[in-house]
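I have placed the structure first, in the form of structure tokens, so that the comments after it can refer back to it.
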Amino acid sequence: MMKDIYADLLWRGLIHQSTDATFLPEWLNSGSRTLYAGFDPTAESLHVGHLLPLLMLRRFQRAGHRPIALIGGATGMIGDPSGKSQERNLLSAEALQANVAGLQQQMQPFLDFDAGPLSALLANNADWMQGFSYLGFLRDVGKNFPINAMLAKDSVKARLERNDSGMSYTEFSYMLLQAYDFVHLYDRFGCQLQIGGSDQWGNITAGIDLGRRMRSVQLYGMTCPLLTKTDGTKMGKTEKGALWLSADRTSPYAFYQYWINVADEDAGRCLRVLTELEQAEIDALDRLRDEQPQARHSQKRLAEALTRLVHGDDGLAAAVRATEVFFGAEIDRLTDQQLVEIFADVPSSQLPCGRLETPGLSLIQALTTAGLAKSNSEARRAIQQGGAYVNNRRRDDLDTMLTAADLASETVIVLRTGKKRYALLRFQDETKDERFSKKGG
RNA sequence: GGGGGGUUUCCCGAGCGGUCAAAGGGGACGGACUGUAAAUCCGUUGGCAACGCCUUCGCAGGUUCGAAUCCUGCACCCCCCA
């Protein structure tokens, strides 16, 4: 007995458009199907925007279907005009190569590649597109695309109607490539369903049309809504840019924090759309959020589920530990390793360890060298006002001298002003001149 | 070309010879409160070896015991009459 994937997607609000709302549920429940979603390698890491389709693939697989993650090594060379207001810059071949590798790596944990006939597949359309000659493509594929139908697509229309930006023939052709991908995946793997974000609808239907023309076969499509916040802005945007899935670009802590801070109004939808929690639990969380919003059970559950999914149990543990430290009590008896992990996003400065020998380093100086105060006066003020903390412990004596006893780990002292501004001081031998070793910011 | 007004500390904006590091507001930063929210309240807001000293009020000079405040020149901005 298969899980009713369509009904599940429906109540989660994950179906924006589908080619056939009455036929698809039955088709999906009556057998194992092969489906795909495409990801263009525009960066070497996925970001939150990719999460939705990637999770869709995962949901389908768990419901007994076979997912294909298609990486657009070929289409990425062109640039998808959908949802873009301007012509895109082309990526170099090398950059593209690196991005493809990065994405493949990142997709691994989401899908099961060792599940017998349901094993997920990774495909790269460069593999079949590169062999295509221009003439061959025009004859076999291009011939099947009526220009008037192409011009009628929203993605194209939107761009042509703007008078400040046009569209090149290259981007115009993007649709053909993606359409052909669908047909190719059908030929090769019997893939009959393509899913994607709502901005992909035009490309998906182009593929369906092409399937009908070239192979006389019925293909299907489905899109999920774009993930936006109640205020209309995109989910997953931070002041620093996108929220990446790669730990190098967005630390597990920052990732976790983003979800912890989701607005109450958005939390319910995020739970539905981004987690695999069952309906009963989500309903319960909705109720809890209503009754005691301050407890923020929903946000915690959301952050937990997503961080575990993206960064694994270790990543989640690190994020939770970092959260405790950032908002919690004294920092003590930790190792350098732990501190560096927790404070990965925090600027640090180095000082020779001799500075901790008697009489020690004045707290005032420590704050200025760490960059937490612009001047000694500012440092004084912070201390006097009770806004200076060493290892999360308030120190309000102006004459405080820091010594080896204040180290939180082997070589690090954690300084903080105010509620959240942190900086690390590392005491190491080989440092020659403290002024040149500042980093971060 | 003629006449008038302006240029103040991060921003707006008072000050019009000493009591001015310069009112008030905004912002920012600390603290309390709180849900790691918003609002609110309190405090701080040029620098330094700090009951004192130094630098700051468009720029450069001058008058004066003393100038952000008065005079001269320069630069930029605004308004009115040509």
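Throughout, protein chains are lettered first and strands after them, A, B, ... in sequence-line order, and every chain is numbered starting at 1.
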In this structure, which one of A/Arg308, A/Arg58, A/Arg12 forms a salt bridge (charged side-chain N to carboxylate O under 4.0 Å, His left out) with A/Glu276? A/Arg58

For B/A37, the nucleotide meeting Watson-Crick or G-U wobble distances (both under 3.5 Å) is none

Report the C-alpha distance between A/Asn203 and A/Gln200 in whole Å, list the side-chain angles of each, state the deciding distance to 0.1 Å, and finish with yes or no for side-chain hydrogen bond (donor to acceptor under 3.5 Å, both in side chains). CA-CA 5 Å; A/Asn203 291 335; A/Gln200 290 300 308; 3.1 Å; yes

Tell me yes or no: between the side chains of A/Asp112 and A/Ser119, is some donor less than 3.5 Å from an acceptor? no

Going by heavy atoms in the side chains, are A/Lys157 and A/Asp154 under 4.5 Å from each other? yes

Can you tell me how far P in B/U69 sits from the matching atom in B/U8, rounded to whole Å? 13 Å

With both distances kept under 3.5 Å, what pairs with B/U45, Watson-Crick or G-U wobble? B/G27

Hydrogens and angles aside, do A/Gln106 and A/Ser45 bring a side-chain donor and acceptor to less than 3.5 Å of each other? yes

Parallel, tilted or perpendicular: which describes the rings of A/His47 and A/Trp244, with under 30° parallel and over 60° perpendicular? perpendicular

Taking the six-membered ring for Trp, are A/Phe255 and A/His311 parallel (under 30°), tilted (30 to 60°) or perpendicular (over 60°)? perpendicular

Are side-chain N/O atoms of A/Gln338 and A/Thr335 paired as donor and acceptor at under 3.5 Å? yes

Quantified in whole Å, what is the C1' atom distance between nucleotide B/G25 and nucleotide B/U9? 15 Å

Rounded distance in Å between the P positions of B/G27 and B/G62: 43 Å

Among B/G30, B/U36, B/G35, the one nearest any side-chain atom of A/Gln299 is B/G35

Spacing of the P atoms in B/G4 and B/A21 (rounded, Å): 34 Å

Nearest-Å distance for atom pair CG/P, residues A/Asp264 and B/A38: 13 Å

Assess whether a salt bridge exists between A/Asp406 and A/Arg393, defined as any Lys/Arg side-chain N lying under 4.0 Å from an Asp/Glu carboxylate O. no

Lys/Arg N to Asp/Glu carboxylate O, A/Glu324 vs A/Arg321, below 4.0 Å: no

Applying a 4.0 Å non-hydrogen cut-off, can you work out what A/Tyr256 is touching in the nucleic acid: base, sugar-phosphate, or nothing? nothing

Students often get this wrong, so: under 4.0 angstrom with heavy atoms, is A/Arg289 touching a base, only sugar-phosphate, or nothing? nothing

Scanning all shown strands, the Watson-Crick or wobble mate of B/G73 with both distances under 3.5 Å is B/C59

With a 4.0 Å cut-off on N to O distance, would you call A/Asp283 and A/Arg287 a salt bridge? no

Which nucleotides of nucleotides 42-49 of chain B have their base under 4.0 Å from a protein heavy atom (B), which only their sugar-phosphate (S), and which neither (-), written as one string 5' to 3'? -BSS-SSS

Looking at every strand, decide which applies to A/Gln257 at a 4.0 Å heavy-atom threshold: base, sugar-phosphate, or nothing. base

Rounded to whole angstroms, how far apart are CG on A/Leu285 and C1' on B/G35? 16 Å

If we take the C1' atom in both B/A67 and B/G15, what is their distance in whole Å? 13 Å

Distance check, C1' atoms only: B/G24 and B/U45, in whole angstrom units. 15 Å

When the P atoms of B/A38 and B/G52 are compared, how many Å lie between them, rounded to an integer? 41 Å

Specify the separation, in whole Å, of atom CD of A/Gln294 and atom C1' of B/C33. 15 Å

Examine B/U36: is either OP1 or OP2 under 4.0 Å from a nitrogen or oxygen in the side chain of A/Tyr253? Give yes or no. no

Hey, is B/C51 sitting syn or anti, using the within-90° cutoff around 0? syn

Kindly point out which of B/G35, B/U36, B/U34 is positioned nearest to the side chain of A/Lys419? B/U34

Taking only heavy atoms on the protein side, list every residue of residues 311-322 of chain A lying under 4.0 Å from any atom of RNA chain B, sorted numerically. none

For B/C20, which nucleotide is its Watson-Crick or G-U wobble mate, given both distances must be under 3.5 Å? none

For A/Lys229 and B/A37, give me the distance from atom NZ to atom C1', rounded to whole Å. 13 Å

In whole angstrom, give me the gap between the C1' atoms of B/C16 and B/G66. 16 Å

